[in-house]
2 protein chains.
Amino acid sequence: MCQDGAVATRTQRSPRRTEALSRERIVEAAVELLDTTGESGLTFRVLTERLATGPGAIYHHVANKGELLTVATDEIVAAALAVEPLASSPQDRIRAVALGLFDAIDAHPWVATQLSDSGWQATTPRILESIGRQVGALGVPEDDWFITTTVLMQYILGAAAQNAANARHVGPDANRAELLGAMAAEWAELDPGDYPFTRAVVGQMRDHDDREQFLAGIDLVLAGITALHLTGRQAAVHREP
Amino acid sequence: MCQDGAVATRTQRSPRRTEALSRERIVEAAVELLDTTGESGLTFRVLTERLATGPGAIYHHVANKGELLTVATDEIVAAALAVEPLASSPQDRIRAVALGLFDAIDAHPWVATQLSDSGWQATTPRILESIGRQVGALGVPEDDWFITTTVLMQYILGAAAQNAANARHVGPDANRAELLGAMAAEWAELDPGDYPFTRAVVGQMRDHDDREQFLAGIDLVLAGITALHLTGRQAAVHREP
DNA sequence: ACCTGAACACCGTTCAAGT
DNA sequence: ACCTGAACACCGTTCAAGT
């Protein structure tokens, strides 16, 4: 979908050897299956065959399919966040962390569904921590840490999920331009009376670049943080009484 | 739902029998099932029983389970967006639309998963259109319409999805304070060396109000829009070279 | 302790047959 | 055209039995 998803892949693949079954090997096989065949491709039957065992053996190391998915997701996210951003400004470090997550989810679209379904559980603290530190470094007052970081995280996951869904709908092989073209064609056929705005932005949607768009969104949120939490007063946006 | 209106014309012993099977009745039953028993509760077996037919009859009106979910989701979203916001400022109308979606997704948590998985397809244009009109009214230049509206939509769906996931994890009956308390307790047990930020915001997370938090996020994005797209210059946020 | 593999309950979907 | 319901292929999970 996006560019080269150069996310650290495991190199060593042990051939036929009857390496002892372990939690790690199971999760590794699950991730590989998810990446290559999608969410519906992860099956205890296939997993069993891949690992040359029976289902009972897998259940001896993992509680159930849900835990397997949770652990697999956590592993991907942890790897994506493990890269310490070197940029000098907190803003740029936030951009780096955000992009790292975006690319990881783009490379492993099934992670998006899993993260969306987990709420505040599981891997959420990892993400919160990584972004939150930069929010602190930004100079946001401590009382605003939680809202600020949460908004960033929710935008990142929302945008990444949407992007991943697009990628999932066409499969890893398909052409990006074709996909956008097909969608643009659909939008162009919407009733002009009901969808004037959508039709007006068809061109922008057809031509947009996912990563660029995502970064523009991050910049927008950062600008909002600056306006609302880094100046002395509650500027810019005001509500009706 | 309950057809209590027509009485004397026909003596019906069996509860709801008779009424002709239709796409509408099927979708209606599916929504009810999803709302009361969750995503895993929607089954062709149960649906079949509820509607007093065989599976074949349902497949005569609906292509498959996926279509059923898509249509059900579209119905909920359409209903949520049907309420025309009366607020006088575009900002307040955006808040109204956003809150309408948030509440709808909160009431029907399964909608979140469905929307996250749909990408730019299906009901996306509805949401884009509704928010986009207000973005236009805001005075955002046409070239920025797509990014601006997209960011708003992605934040809304991301936040609503996270909220829905939390709700889903405890069930409709459970106590909200208990849930947050339990999560706060979990966070408080994280390694202080690895999670200093997360531990620092435990209190804020325990005490936060979901809707208030969501609206604060909308305000933050609106402030970003104001800063980046409603002033003459590219202010506030600047990148490193 | 770790693994095997048949078996169980359940799922979405199909289809020949009825009206 | 619309519906019936048995049947099919497949799923996650269990468990008595083996080593």
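Below, chains carry the letters A, B, ... as their sequence lines are ordered, and counting in each starts from 1.
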Hey, is [X] close enough to [Y] for a salt bridge, meaning N to O under 4.0 Å?
X	Y	value
B/Glu67	B/Arg23	yes
A/Arg133	A/Glu129	yes
B/Arg199	B/Asp191	no

Item to check | Position toward the 5' end of DNA chain C (nearest nucleotide), A/Arg45 or A/His61 | outcome: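 Checking each residue's closest nucleotide, the 5'-ward one belongs to A/His61.
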
Next on the checklist: Any donor-acceptor pair under 3.5 Å linking the side-chain atoms of B/Thr113 with those of B/Glu39?
Outcome noted: yes

Between atom [atom1] in [X] and atom [atom2] in [N], what is the gap in whole Å?
X	N	atom1	atom2	result
B/Glu49	C/dC10	CD	C1'	14 Å
A/Ile58	D/dT14	CD1	P	13 Å
B/Leu47	C/dT13	CG	P	12 Å
A/Arg25	C/dC3	CZ	C1'	13 Å
A/Ile26	D/dG12	CD1	P	14 Å

Name the closest nucleotide to the [X] side chain, picking from [options].
X	options	answer
B/His60	D/dT13, D/dC3, C/dT4	D/dC3
B/Ala57	D/dT4, D/dT13, C/dT4	D/dT4
A/Phe44	C/dG12, D/dG12, C/dC3	D/dG12

Item to check | Nucleic acid contacts - residues 64-72 of chain B versus DNA chain C, non-hydrogen atoms under 4.0 Å | outcome: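 The stretch gives B/Asn64, B/Lys65 as the residues lying under 4.0 Å from the strand, ordered by number.
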
Checklist entry - B/Gly54 or A/Val46: which one's nearest nucleotide on DNA chain D is closer to the 5' end? => result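 Residue closer to the 5' terminus by nearest nucleotide: B/Gly54.
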
Checklist entry - Should C/dA6 form a Watson-Crick or G-U wobble pair with both distances under 3.5 Å, which nucleotide is its partner? => result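 Paired with D/dT14.
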
Checklist entry - Any idea how B/Trp120 and A/Trp187 line up, ring-wise: parallel (<30°), tilted (30 to 60°), or perpendicular (>60°)? => result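 Taking A/Trp187 first and then B/Trp120, their aromatic rings stand perpendicular (interplane angle over 60°).
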
Next on the checklist: I'd like to check A/Asn163 versus A/Gln213 (side-chain heavy atoms, cut-off strictly below 4.5 Å). Are they in contact?
Outcome noted: no

Next on the checklist: So, OP1 or OP2 of C/dC11: does either fall under 4.0 Å of a side-chain N or O from B/Thr43?
Outcome noted: yes

Checklist entry - Are B/Tyr155 and A/Tyr155 close enough that their ring centres sit under 6.0 Å apart? => result no

Checklist entry - With a 4.0 Å cut-off on heavy atoms, is A/Leu42 in touch with a base, just the backbone sugar-phosphate, or nothing at all? => result sugar-phosphate

